[in-house]
Protein chains: 2
Amino acid sequence: MDRTENIERIFQDLRRVVHALELYSKDVNARFGLTAPQLWALWELERGGGMTLGTLARALQLHPSTVVGVLDRLVDKDLASREPDPQDRRRIRIRILPKGRALLKRAPHPAQGRLVHGLQAMSESQVTSLRRALATLVRVMEAEDLEARFFFSED
Amino acid sequence: MDRTENIERIFQDLRRVVHALELYSKDVNARFGLTAPQLWALWELERGGGMTLGTLARALQLHPSTVVGVLDRLVDKDLASREPDPQDRRRIRIRILPKGRALLKRAPHPAQGRLVHGLQAMSESQVTSLRRALATLVRVMEAEDLEARFFFSED
DNA sequence: TGATGAATATTGGAACACAAATGATTTGAG
DNA sequence: CTCAAATCATTTGTGTTCCAATATTCATCA
């Protein structure tokens, strides 16, 4: 198999992994009434204690405006709360509520599920080589992203 | 590094790869006026000749209802056309238009771009091991997906 | 002090993605 | 041949994601 073909398949497979993750999110939603991003946000809230929207967004690696919507839905379901921060009134204090904590106990580990099962079915050395290869890939892709942003800002 | 940590990092890295692909889609959009899914669809239309919406959806591995919107935008831009199929009037015939063909010549290879550059910066053996690991992962995840669907349909 | 600038959350707009329901058409079984 | 079932594209509704623009609040420094 030549290099081009390798790349072609990797691309297809990445797409399928993403696709499987999305389908998993739908399954979770059907069983627990909240999607994978919502579940993940809840999990970060449990881990991180009281957070602001900004810190939550950074923890999730999402744009703040995205997290607003996710949080809206968590609050609607009484799984989390939004309170004004008395110290800094630009901020809000986000907290997980008892109902959210209870849900976390019976829900799968956030956003993993099927992926974790997939990885667990692989040999230790395969998992390690996947991790190494992905890490390299991410490093190069993110470096390119910086270059691109620099390039465009120079217009 | 233990297994759990490996899995955790793989998950994070996959997320970052997906994120980089999304940002890449925005870049493409800024430069060529169409997003990565649109570009990819156009590329499939060039490859596949006259297609129906269903075959295009299968080629893109997307839900038909998703492709309706993507195609709408391509037609709006005069890059593709929608015609009724005289043989089977349930179907439509989708074709790439000259303007779409011209755009494909100067646009990057669909949906790849940054990912391809990333992979090209890696050694041959790393690319191969990544491909193998991803293929295994996909196989297991999609097998689980089938099981889940079976499980839910048995309710 | 008082104005300017930075930080924070939010809104609005566009695109993508799915499932479920709909309407039109074709196919197939009796 | 006829009517029920399957197929095909689409619409509707929900959710995720980004960016750009906005309002509010805080911090800095002249």
Side-chain angles (χ1 to χ4, degrees), chain A residues 15-16 18-41 51-58 60-77 82-94 111 145 149 152-153, chain B residues 15-16 18-30 32-41 51-58 60-77 82-94 111 145 148-149 152-153:
Chain A
R15 192 172 173 80
R16 287 159 80 182
V18 171
H19 194 240
L21 286 174
E22 279 166 4
L23 291 180
Y24 171 69
S25 175
K26 304 276 175 185
D27 278 359
V28 170
N29 194 21
R31 278 182 289 173
F32 297 98
L34 75 176
T35 61
Q38 291 167 30
L39 187 58
W40 194 1
M51 301 178 88
T52 69
L53 190 126
T55 56
L56 180 57
R58 271 189 295 279
L60 299 173
Q61 295 179 248
L62 290 176
H63 201 277
S65 63
T66 302
V67 178
V68 169
V70 175
L71 180 57
D72 281 346
R73 287 176 277 279
L74 289 179
V75 170
D76 279 349
K77 293 175 187 126
R82 234 198 209 102
E83 298 158 27
D85 184 328
Q87 266 76 47
D88 185 339
R89 286 183 340 217
R90 290 170 302 182
R91 298 184 176 174
I92 59 172
R93 298 190 63 75
I94 308 170
D145 183 43
R149 283 170 187 278
F152 286 123
S153 68
Chain B
R15 194 172 172 79
R16 287 160 79 182
V18 171
H19 194 239
L21 287 175
E22 280 166 3
L23 292 180
Y24 171 69
S25 176
K26 302 276 173 185
D27 277 359
V28 171
N29 194 20
F32 297 97
L34 77 177
T35 62
Q38 290 166 33
L39 188 57
W40 194 0
M51 302 178 88
T52 70
L53 190 126
T55 56
L56 181 56
R58 271 189 296 280
L60 300 174
Q61 294 179 250
L62 289 176
H63 201 277
S65 62
T66 302
V67 178
V68 169
V70 174
L71 180 57
D72 281 347
R73 288 177 277 279
L74 288 179
V75 171
D76 278 349
K77 294 176 186 121
R82 232 195 211 104
E83 297 157 27
D85 184 328
Q87 264 78 46
D88 185 338
R89 284 178 346 214
R90 291 169 302 182
R91 297 184 177 173
I92 59 170
R93 298 189 63 75
I94 308 170
D145 183 44
R149 282 170 187 280
F152 286 122
S153 70

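Side-chain atoms are counted along with the backbone in the values below, which use heavy atoms only and exclude waters and symmetry mates. Each chain gets a letter, A, B and so on, in the order the sequences are listed, and its residues count up from 1.
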Expressed as a whole number of angstroms, how long is the span from [X]:[atom1] to [N]:[atom2]?
| X | N | atom1 | atom2 | answer |
| --- | --- | --- | --- | --- |
| B:I94 | D:dA9 | CD1 | C1' | 10 Å |
| B:R93 | D:dC8 | CZ | P | 14 Å |
| B:L74 | C:dA15 | CG | P | 11 Å |
| B:W40 | C:dA15 | CH2 | C1' | 17 Å |
| B:Q61 | C:dC16 | CD | C1' | 16 Å |
| A:Q38 | D:dT14 | CD | P | 14 Å |
| A:Q87 | D:dT24 | CD | C1' | 17 Å |
| B:D85 | C:dA24 | CG | C1' | 14 Å |

**OP:** Output yes when at least one side-chain N/O atom of B:T66 is less than 4.0 Å from OP1 or OP2 of C:dC16, else no.
**Re:** no
Subject >> Five-pair end axes of the helix from C:dT1-D:dA30 to C:dG30-D:dC1, angle between them (10°) >> reply: 0°
Do you know the tightest heavy-atom contact between [X] and [Y]?
| X | Y | result |
| --- | --- | --- |
| A:G33 | A:K77 | O-CE, 3.2 Å |
| A:V67 | A:L62 | CG2-CB, 4.0 Å |
| B:A41 | B:V70 | CB-CG1, 4.1 Å |

Original post:
How does protein reach along nucleotides 6-14 of chain C, written 5' to 3' as B (base within reach of a heavy atom under 4.0 Å), S (only sugar-phosphate), or - (no contact)?
Top reply: BBSSBB---
**OP:** Taking side-chain contact (heavy atoms from CB on, under 4.5 Å) as the test, write out the residues that go with B:T52, two or more places apart.
**Re:** B:T55, B:R91
**OP:** Could you pull out all residues at least two apart from B:P84 that satisfy side-chain contact (heavy atoms from CB on, under 4.5 Å)?
**Re:** none
Original post:
Between A:R89 and A:V70, which is nearer to the 5' end of DNA chain D once each is assigned its nearest nucleotide?
Top reply: A:V70
Subject >> Set of side chain to side chain donor-acceptor pair (under 3.5 Å) partners for B:R58, sequence neighbours left out >> reply: none
Original post:
With sequence neighbours excluded, what pairs up with B:D72 under the side chain to side chain donor-acceptor pair (under 3.5 Å) test?
Top reply: B:R82
Original post:
After noting the C-alpha distance and the side-chain angles of B:I92 and B:L71, does the key distance pass the side-chain contact (heavy atoms from CB on, under 4.5 Å) rule?
Top reply: CA-CA 12 Å; B:I92 59 170; B:L71 180 57; 4.1 Å; yes
Original post:
Once you round to the nearest 0.5 Å, how far does OG1 of A:T35 lie from CG of A:L74?
Top reply: 8.0 Å
